[in-house]
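We count residues from 1, following the sequence as given.
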Amino acid sequence: MKYVNKPVPKTDAMSLVTGKPVYTDDLAPSDCLIVKLLRSPYANAWVEEIKTDAAKKIEGIACVLTYDDVSHKRFTLAGQTAPEISPWDRYIIDKHVRFVGDTVAIVAGETEEAVDKALKRIKVKYRVEEPVLDIHTAKDNPILVHPEEDWYMPIPAGGDNKRNLCSSNVEEVGDVDAMLEKCAYTVDQVYHTKANQQTMMETFRTYCYMDHFQRLTVVSSTQIPFHVRRIVGNALDIPSSKIRVIKPRIGGGFGAKQSSVSEVYPALVTWVTGRPSKIIFSRKESMIASSPRHEMEVRIRMGADENGIVKAIDLYTLSNTGAYGEHGPTTVGLSGHKSIALYRHTEAYRFAYDVVYTNMQAAGAYRGYGATQGIFAVESAADELAHKMGIDPVKFREMNMPMEGEALPGYPDVPINGSCTMDKCVARAKEMIGWDEKYPFRDMGNGKVRGVGIAMAMQGSSIAGIDVGGADIKLNEDGSYTLALGCSDMGTGCDTILAQMAADCLDTDMKNIVVFSVDTDISPYDSGSYASSTTYATGNAVIQACTELRKRIHAFGADMLGVALEDTDFDGTIVRTEDGKEVTLRQIAGKSTCGISSELQVTKEFSSPISPPPFMAGAAEVEIDKETGQVDVIDYVGVIDCGTPINPNLARVQAEGGIGQGIGMALYEDVKYTDKGKIRNNSFMQYKIPNRMDLPSVRIEFESSYEKSGPFGAKSIGELVIDTPCPAIANAVYNATGVRVRELPITPEKVAMGILAKENGEKV
């Protein structure tokens, strides 16, 4: 291969680093109406009266929209393939506001100054009620977050709005209780992960306009253009055929933009007024009214026999979906399916969950999508079990880890002979971190200690039997190719990776591939960029489309030469015969546009019946000040099996970024609320994410496998890389201090108090 598995620079690198106008707000027309939202100051209240006359009289105000001005058809903002499993529990504006920040009114005007003034002139009378803010008391609470009769779930998933349940289920194989009774060693612990914000650089933003056919055009920073088209249609109660969605460059998403957070508001304004409009979320709005990671509490019982072989896992997840249910039923599933499967000898397992409504900001998709929370619990419990048995945690994993050719418990989405180099990943991570020399800890002699910890992780490559990748490739008259994609490059470099694949399939220079980003009117259908699907699913679509187009070009050239196809060769540039007759690609391209009834354009879509998991081992070394409890990660190594890395540089950057986010989740990030349901940390002044000085040396290596179902042997990498830091760091803290922190983030206070309790002889 000339390009695949090579560190090719991103196709858009120069445009981005030189500040070219490529993002949504750069492209918005100058005459857009400015759209802003009046947000609820209460976590649970009913709008009894709203007066907008004074606001409407302000010069420059185009419209003020309230509950009375919107469709009263329930819908969901979740960007998932229809029929959505998430409950339809939203109106664009509802009289019942369910969290601090919920929408009360939409204001659109000529200037930001006029809109800000109008927002202050709106008078609202609320009937305030007690909010539900504790996930432990939410289920069957007499206070209902969704008491409405038109709450609707398209696919039964155990939800019951009259019990504050978004979703609930139990999966069980074997007799878990009996197997745990037989186990020589068991642990029974609860692990708690808090909500985290994605904090992408570009906040939520959308602009809209009516085209000359009176169709609504939505230009948005989104990971899910085709789903946005459907969601906006459902919300406005208009046909999707009247909506076109275009995606410019995206300044980060990490899953936040897998929910249609911003699109419906300017879409409604433009639909009502006929004028272009735009909404730009402030950082505060992106912190209080977006789609953060689900808070989850996981209770796990894990048992092993006298030889250290894990035989039974009982896992119960309590997940907080917040005020609305988008992604609630799906995210929780990964907390069990991607964690239980890490222990291949498990003979009996039970995975149960409840997803509860609360009067908090609605949760959504975030990199790792539930697996991050579940893996923190399982990999922490595994370490506790290993210590209880007196077994080195690495050795414990070596005896139980996924192995190529063996089934994964509770994960049917992969064939038993699937690709897996977890054994090599763990061995290399152990070597890179210097495990044998550093485990369990070293006293540095200055009041500080250092410890090492390790964790395993797996994710998936698209959602089996559901996700669709789409690609369209055509030969242009100058011999270049246009590659139209339905997936969203959100900074990951997927446009580059897919162009690499296309160039190698067509034996052409990458400069000859023109990549066209998503426009729902002309791009092939694609589920979107989420669920680690782009490289795997859309990559397969690209290969199929390019392979078919290459065959057509070859046949066309042979026909031009007047010879049989089998008597010619095609090297990507020239079709030639053995006796020297030839026709160039450019000649073929020119001829194909001139009176010839032959189509040199191919559209292919791909959906996989399996979801081959990538695997990873992560190891951390931490330094802890025993007096203050301060935890510093001084080294982190990640060894990854993502199949064939299509672009090693971009894969490495994905890994480094994901590990950075995982370190933030482990040590700093926590969406905090007051007892009235208001978010305390609504800016970067209060919400700490790691900066470059907080991050250690991050070292990445690849232990490649070859996934037969993947494009050029590739699997995914995007989500996997955030999954190991939380348990690896927690395990390292325990090895250094003997303090087991089971609730994230691992703050200095928790560590210092744990050390003090341990010194006082208390169990920690």
Handout entry: Validation row, ring centre His294 to ring centre Tyr366 under 6.0 Å
Key = no
Handout entry: Test item: Ser527 side-chain N/O and Val468 main-chain N/O as donor-acceptor pair under 3.5 Å
Key = yes
Problem - Heavy-atom side-chain proximity of Asp509 to Tyr3 below 4.5 angstrom - result: yes
Problem - Electrostatic pair Arg699:Asp635 at N-O distance under 4.0 angstrom - result: yes
Completion exercise
Taken to the nearest 0.5 Å, the spacing of Glu379 CD from Ile375 CD1 works out to 7.5 Å
Problem - Tyr369 and His327: side chain donor to acceptor below 3.5 Å - result: yes
Completion exercise
Nearest heavy-atom contact between Ile454 and Asp383 is O-OD1, 4.2 Å
Problem - Test item: Pro696 and Ile663 side chains (from C-beta on) under 4.5 Å apart, heavy atoms - result: yes
Practice task
In plain terms, say whether Lys715 and Asp641 are close enough for a salt bridge, that is, a side-chain N and a carboxylate O under 4.0 Å apart.
Solution key: yes
Practice task
For Pro402 and Leu342, work out which heavy atoms get closest and say how close.
Solution key: CD-O, 3.1 Å
Problem - Check: Asp723 and Phe376 side chains under 4.5 Å, non-hydrogen atoms - result: no
Practice task
Indicate yes or no: at least one non-hydrogen side-chain atom of Lys338 is less than 4.5 angstrom from one of Pro613.
Solution key: no
Exercise for the section: Determine whether Pro393 and Trp435 make a side-chain contact, defined as any pair of heavy atoms from C-beta on separated by less than 4.5 Å. Expected result: yes
Practice task
Kindly indicate whether the side chain of Met490, heavy atoms from C-beta on, has any atom under 4.5 Å from the side chain of Gln258.
Solution key: no
Problem - Exercise: do Ser221 and Glu202 side chains pair donor with acceptor under 3.5 Å - result: yes
Practice task
Look at the side chain of Ser607 and the backbone N and O of Asp467, then say whether any donor-acceptor pair between them is shorter than 3.5 Å.
Solution key: yes
Handout entry: Contact check, side chains of Ile250 and Lys257, non-hydrogen atoms, under 4.5 Å
Key = yes
Practice task
May I ask you to say whether Lys430 pairs ionically with Asp436, meaning some side-chain N is under 4.0 Å from a carboxylate O?
Solution key: yes
Handout entry: NZ/Lys6: more than 12 non-hydrogen atoms of other groups inside 6.0 Å
Key = yes
Problem - Lys/Arg-Asp/Glu bridge criterion (N-O < 4.0 Å) met for Lys604, Asp472 - result: no
Fill in the blank from the handout: Value for CG (Asp392) from CE (Met399), rounded to nearest 0.5 Å, stands at 9.5 Å
Handout entry: Side-chain (Thr534) to main-chain (Cys494) donor-acceptor, under 3.5 angstrom
Key = no
Exercise for the section: Starting from the C-alpha separation in whole Å, work towards a yes-or-no answer on side-chain contact (heavy atoms from CB on, under 4.5 Å) for Arg550 and Cys505. Expected result: CA-CA 8 Å; Arg550 184 183 177 113; Cys505 287; over 6 Å; no
Exercise for the section: On the 0 to 90° scale, with breaks at 30° and 60°, tag the Tyr525-His227 ring pair as parallel, tilted or perpendicular. Expected result: perpendicular
Practice task
State, to 0.1 Å, how close Pro248 and Tyr23 come at their nearest heavy-atom pair, and which atoms those are.
Solution key: CB-C, 4.4 Å
Handout entry: Pair Glu719 + Arg367, salt bridge at N-O below 4.0 Å
Key = no
Exercise for the section: Sort out for me which residue in Arg397, Met403, Glu404, Met401 forms a side chain to side chain contact (heavy atoms under 4.5 Å, CB included) with Met422. Expected result: Met401
Problem - Polar side-chain atom of Thr193 near backbone of Met296 as donor-acceptor pair, under 3.5 Å - result: yes
Problem - Pairing of Arg652 and Glu656 as salt bridge, 4.0 angstrom limit - result: no
Practice task
Could you tell me whether a side-chain N or O of Gln459 sits under 3.5 Å from a main-chain N or O of Gly368, the two making a donor and an acceptor?
Solution key: yes
Problem - Working for salt bridge (charged side-chain N to carboxylate O under 4.0 Å, His left out), residues Lys10 and Asp495 - result: CA-CA 8 Å; Lys10 286 178 66 176; Asp495 285 358; over 6 Å; no
Problem - For the student: nearest non-hydrogen atoms of Ala732 and Gly451, plus distance - result: CB-O, 3.7 Å
Fill in the blank from the handout: Looking only at heavy atoms, the pair that brings Gln373 and Gly370 closest together is OE1-CA, 3.1 Å
Practice task
Take Glu703 and Arg428 through the salt bridge (charged side-chain N to carboxylate O under 4.0 Å, His left out) test and state the conclusion after the steps.
Solution key: CA-CA 8 Å; Glu703 286 289 351; Arg428 183 63 182 135; 5.2 Å; no
Exercise for the section: State whether the side chain of Asn5 and the backbone N or O of Met1 hold a donor-acceptor pair below 3.5 Å, judged by distance alone. Expected result: no
Problem - Inter-residue atom distance Thr496.OG1 - Met510.CE, 0.5 Å rounding - result: 5.5 Å
Handout entry: Between CG on residue Asp526 and CD1 on residue Ile224, distance to nearest 0.5 Å
Key = 12.0 Å
Exercise for the section: For side-chain contact (heavy atoms from CB on, under 4.5 Å), just list the numbers for Leu695 and Tyr636, CA-CA rounded to whole Å, side-chain angles, deciding distance to a tenth of an Å, and then say yes or no. Expected result: CA-CA 9 Å; Leu695 295 178; Tyr636 200 95; over 6 Å; no
Practice task
Answer yes or no: is there a side-chain heavy-atom contact under 4.5 Å between Arg450 and Val622?
Solution key: no
Problem - Ring centers of Tyr349, Phe351 separated by less than 6.0 Å - result: no
Exercise for the section: Quick one: pull up OG in Ser419 and OH in Tyr706 and give me the separation to the nearest 0.5 Å. Expected result: 10.5 Å
Handout entry: Ser335 side chain vs Val332 backbone, donor-acceptor pair below 3.5 Å
Key = yes
Problem - Leu650 backbone acceptor or donor facing Asn647 side chain under 3.5 Å - result: yes
Exercise for the section: Check whether more than 12 heavy atoms from other residues, nucleotides or ligands sit under 6.0 Å from atom CZ of Phe441, and answer yes or no. Expected result: no
Exercise for the section: Quick one: do Ile513 and Thr508 satisfy side-chain contact (heavy atoms from CB on, under 4.5 Å)? Show the steps, please. Expected result: CA-CA 8 Å; Ile513 306 288; Thr508 192; 3.8 Å; yes
Fill in the blank from the handout: Of Glu621, Glu623, Glu437, the one forming a salt bridge (Lys or Arg N to Asp or Glu O under 4.0 Å) with Arg442 is Glu621
Fill in the blank from the handout: Closest non-hydrogen contact found for Ser488 with Pro225 is OG-CD, 3.2 Å
Exercise for the section: Say whether, by atom type as modelled, one donor and one acceptor occur between the side chain of Asp489 and the main chain of Thr492 under 3.5 angstrom. Expected result: yes
Practice task
Kindly say whether Ser709 contributes a backbone atom to a donor-acceptor pair with the side chain of Glu707 at under 3.5 angstrom?
Solution key: yes
Practice task
Describe, in one word, how the ring planes of His554 and Phe570 are oriented to each other, choosing from parallel (under 30°), tilted (30 to 60°) and perpendicular (over 60°).
Solution key: tilted
Completion exercise
Exactly one candidate in Ser716, Ser461, Ser462, Ser608 meets side-chain hydrogen bond (donor to acceptor under 3.5 Å, both in side chains) with Tyr536; the answer is Ser608
Exercise for the section: Rounded to the nearest 0.5 Å, what's the gap from CD1 on Ile700 to CD1 on Ile640? Could you check? Expected result: 5.0 Å
Problem - Phe702/Val639 under side-chain contact (heavy atoms from CB on, under 4.5 Å): CA gap, chis, key distance, verdict - result: CA-CA 5 Å; Phe702 298 98; Val639 187; over 6 Å; no
